[in-house]
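The first residue of the sequence shown is numbered 1, and numbering continues consecutively from there. Predicted model only: the values in this text are computed from it and were never measured. Just so you know, these numbers use all the heavy atoms, side chains as well, and skip hydrogens, waters and symmetry mates.
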Amino acid sequence: KQFLRKVNFIALLMAFKSVADESYQTEELEKYNSIPFNEELMMDFIIRNVSVLRDSRKFTVDIGINFEEININNANDYYLQASIEDIGDLSVFTGFEELDASGLTLHTGKTTEDTFNSLDELNQLNPLELFQNNITNVKLQTEKQLPEFSPYPFNIELNTKETAPNKIKTEAVPNFILRKGRDFKYAVVNGFLYDEISLQRKEGNGLIIR
């Protein structure tokens, strides 16, 4: 996306230059009209050929995910919040990033039964152990000194009476585990992909669910 911003910036500078020196008057309008319309066939992240269980039946689908920048600190910083854009046959779409999940089965993320009392306790958690138990959300008792988003590879769910359900549907936040048989392969938390190697850093871009 940074590269696309750079290209757009350069295009704007060239447009301003052509207006200033009136070179636009020598350009042929037919060249502009020949540019195809943007059909929005790009998504941020596409998971292809993943098996999803629904009503005891297994379906093979693609899952398209897009990210939205959420400004924080008076718009001096931001974090990313993901949502499921589409589910089904997304063969006409292209992803900035793609994962071929052939042979993998999707399991919706769960929330811990235990409630933790501080961020220090969360620092001690092993994300891989959580994901091996299909857990993507961790309950936290306190709201004191919380950042704007979870800096961990799991979501922080503030202790409420009801657990926030993770669902696989359009506009939902993508939180799920991908397994090959019983073996953990990947976790997708707030649209970010984690495997055993990336989890060693214990860093992430999860959400705080209130």
Query raised in the report: Within the side chain of N73, is there an N or O that forms a donor-acceptor pair under 3.5 Å with the backbone of A75?
Result: no
**Report entry** Remaining members of hydrophobic cluster (4.5 Å side-chain criterion), M14
**Finding:** I10
Report task. Classify the side-chain pair N123/Y152 by whether it contains a donor and acceptor separated by less than 3.5 Å. Result -> yes
Query raised in the report: Does a donor on one side chain and an acceptor on the other come within less than 3.5 Å for T115 and Q141?
Result: no
Report summary line: Per side chain to side chain donor-acceptor pair (under 3.5 Å), N155 is matched among T111, T136, N175 by N175
Query raised in the report: Would you say I197 has more than 12 foreign heavy atoms packed within less than 6.0 Å of its CD1?
Result: no
Query raised in the report: Does a side chain donor of either D21 or S23 reach within less than 3.5 Å of an acceptor in the other side chain?
Result: yes
Query raised in the report: Would S91 and D89 count as having a side-chain donor-acceptor pair, cut-off 3.5 Å?
Result: yes
Report task. Could you walk me through whether E69 and R5 pass salt bridge (charged side-chain N to carboxylate O under 4.0 Å, His left out), step by step? Result -> CA-CA 14 Å; E69 294 182 359; R5 293 186 178 103; 2.5 Å; yes
Requested in this report: Report yes if some heavy atom in the side chain of I46 is under 4.5 Å from a heavy atom in the side chain of I65; otherwise report no.
Outcome: no
Query raised in the report: Is there a side-chain hydrogen bond (donor to acceptor under 3.5 Å, both in side chains) between D120 and S118 once you walk through the steps?
Result: CA-CA 5 Å; D120 288 336; S118 67; 4.7 Å; no
Report summary line: side-chain contact (heavy atoms from CB on, under 4.5 Å) test vs S51 passes for just one of L178, L104, T60, namely T60
**Report entry** Heavy-atom donor-acceptor pair, R48 side chain to I63 backbone, under 3.5 Å
**Finding:** no
